[in-house]
Amino acid sequence: MNGDLVTAAGTVSRPAPVISVVIPVYNEEDGLQALFDRLYPALDRLGLAYEVLFINDGSRDRSGALLRAQFEKRPAVTRVIYFNGNYGQHMAIMAGFSNVRGQRIVTLDADLQNPPEDIATLLAAMDQGHDYVGSIRRKRHDVAWRKYASRAMNRLRERLTHIRMTDQGCMLRAYDRRIVDAIAQSTEVSTYIPALAYTFAANPTEVIVGHEERAAGESKYSLYRLIRLNFDLVTGFSVVPLQLFSLFGFALAALSGLFVVYLLVRRFLLVGPEAEGLFTLFAITFFLIGMLLFGIGLLGEYVGRIYQQVRLRPRYLVQAILQADDNRPGAGHD
Ligand code: UDP
Ligand code: MG
């Protein structure tokens, strides 16, 4: 089955997979079967040795059991990593990256928003020598506010970081093994994998892929989690916000210096004592207080990242790994 070789001793030894598909799964019981039904035929059609690596990110529904059933159905090409809790989509992918065996790695969401058939498109781009293939959603099917918000965020991120991504939200992407290894080695606590990959890529490109509405279940990203994600994306890849802040502080200090000189001149040379313009003063003060609070919050973002990092806790805990025994000592564990 699927390129397995049965050796004389009767044990099954497989050629190392060429493609690894990494799929984070969190409470996706309603959609998983549809995913299996489309993903495996699409991969079989590629005619390459592949593996599908699911990471169960602490699902509280039947997802874990469904994944086990699928593993039992296609043990040669399926592996499942079970987390002992919910560590988030990017940590799940991280765990997948530390365990892949293929030379080319494709990430895909479990909710079928991106068609698994488009994996072939990504791989074709890799054949042309690209080591990282990003994706742009052909026609995005998400709620309106998410489209606007992400367009605005995209623009801001492009200004603040070196990362150029037309569409940061789409996870159907392909990576060369070297990039995946580099990502797996970077010990950052909260990170955004496509952006990290872009940093490491020598020859990145983007292709257009399909996008559909969620097949079943609901989005795991609330407004709050989206805001967090975008903060991570900016603060994780750039210190420009902090530097802007000191620039702003400098400009403000210079301006208020001039203002003080002007007031002094008015007081002693031109007008004499006066107590007008109180509201203007209030407006300026409130604006400055707002900026101050924002600045403190921004500092907090960076300090928080540093704090998470210095604790040196494991980023996720693997409870179990389901995989066929394949006679290669240590394979799949690092
Ligand atoms: N996901 C995960 N852990 C989480 C949240 C999400 O593994 O804490 C998975 C989820 O099962 C899905 C993918 O990440 O496969 C993307 O999540 P979702 O579709 O909810 O995000 P959206 O498409 O709304 O951005
Ligand atoms: Mg989705």
Side-chain angles (χ1 to χ4, degrees), residues 20-39 52-67 70 78-99 105-116 118-119 134-151 153-154 157 165-173 189-195 209-233 315-319:
S20 296
V21 183
V22 173
I23 306 181
V25 177
Y26 179 54
N27 294 347
E28 301 281 3
E29 61 178 1
D30 297 329
L32 276 181
Q33 193 52 52
L35 173 70
F36 302 149
D37 292 346
R38 273 178 70 185
L39 176 67
V52 186
L53 185 46
F54 293 100
I55 301 91
N56 181 18
D57 187 15
S59 299
R60 284 186 295 272
D61 62 0
R62 284 170 31 249
S63 300
L66 291 173
L67 290 174
Q70 179 62 20
T78 309
R79 295 158 73 202
V80 189
I81 298 179
Y82 287 89
F83 277 0
N84 73 342
N86 179 237
Y87 295 90
Q89 180 185 2
H90 289 265
M91 280 309 119
I93 295 175
M94 208 48 122
F97 280 6
S98 313
N99 284 278
I105 290 85
V106 175
T107 53
L108 178 72
D109 282 351
D111 57 4
L112 274 185
Q113 282 195 274
N114 293 122
D118 280 351
I119 292 176
S135 54
I136 307 167
R137 288 169 276 198
R138 187 174 296 124
K139 191 165 180 303
R140 193 170 164 186
H141 291 277
D142 270 320
V143 253
W145 66 265
R146 282 194 60 169
K147 290 189 217 173
Y148 296 124
S150 65
R151 211 170 300 154
M153 242 349 268
N154 243 354
R157 192 209 58 247
M165 262 190 290
T166 316
D167 188 355
Q168 68 180 49
C170 182
M171 285 312 275
L172 175 55
R173 283 157 200 272
V189 171
S190 38
T191 192
Y192 191 74
I193 286 177
V209 298
H211 190 247
E212 289 146 35
E213 270 173 66
R214 237 175 187 286
E218 52 187 27
S219 172
K220 311 301 180 288
Y221 282 94
S222 59
L223 177 59
Y224 172 75
R225 284 184 79 162
L226 281 177
I227 292 176
R228 289 277 358 129
L229 186 80
N230 280 298
F231 260 107
D232 281 341
L233 194 47
R315 292 180 293 178
Y316 50 80
L317 280 184
V318 173
Q319 199 169 46

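Below, each value reflects all heavy atoms present in this structure, side chains not excepted, and no hydrogens, waters or symmetry copies. Just so you know, ligand 1 is whichever comes first in the structure, and atom 1 is the first atom listed for that ligand. What you are looking at is a predicted structure, and each value in this text was computed from that prediction instead of being measured.
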Practice item. With rounding to the nearest 0.5 Å, note down the distance linking CG in Leu317 to CE in Met91. Key: 12.5 Å
With a cut-off of 4.0 Å, which atoms of ligand 1 are near a heavy atom of [X]?
X	result
Val25	7 (O), 11 (O)
Glu28	10 (C), 11 (O), 12 (C), 15 (O)
Gln89	1 (N), 2 (C), 3 (N), 4 (C), 7 (O), 8 (O), 13 (C), 14 (O), 16 (C)
Gln113	19 (O), 23 (O)

To which protein heavy atom is [atom] closest, and what is the distance rounded to 0.1 Å?
atom	result
atom 1 (N) of ligand 1	Tyr26 CB, 3.7 Å
atom 9 (C) of ligand 1	Pro24 O, 3.8 Å
atom 18 (P) of ligand 1	Arg214 NH2, 3.4 Å

Review point. Side-chain contact, heavy-atom cut-off 4.5 Å: Arg157 with Ser150?
Key: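 No; the side chains remain at least 4.5 Å from each other.
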**Study point:** Close side-chain approach of Leu53 to Ile105, heavy-atom, < 4.5 Å
**Key:**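 Leu53 vs Ile105: side chains apart.
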Review point. For Arg151 and Asn154, does a side-chain donor sit closer than 3.5 Å to a side-chain acceptor?
Key: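 Not at all, the side chains of Arg151 and Asn154 share no donor-acceptor pair under 3.5 Å.
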Heavy atoms only: which of [options] lies closest to [atom]?
atom	options	result
atom 16 (C) of ligand 1	Asn56, Asn86, Asp109	Asp109
atom 19 (O) of ligand 1	Thr107, Asp111, Asp57	Asp111
atom 25 (O) of ligand 1	Lys220, His211, Arg146	Arg146

Practice item. Identify the residue among Arg60, Lys220, Gln89 that makes a side-chain hydrogen bond (donor to acceptor under 3.5 Å, both in side chains) with Tyr26. Key: Arg60
Practice item. For the Mg ion (ligand 2), count the protein N, O or S atoms found under 2.8 Å away. Key: 2
Exercise for review: Give a yes/no verdict on whether any heavy atom in Met171 is under 4.0 Å from an atom of ligand 1.
Suggested key: no
Review point. Can you tell me if Arg146 uses its side chain to pair, donor with acceptor, with the backbone of Leu226 under 3.5 Å?
Key: no
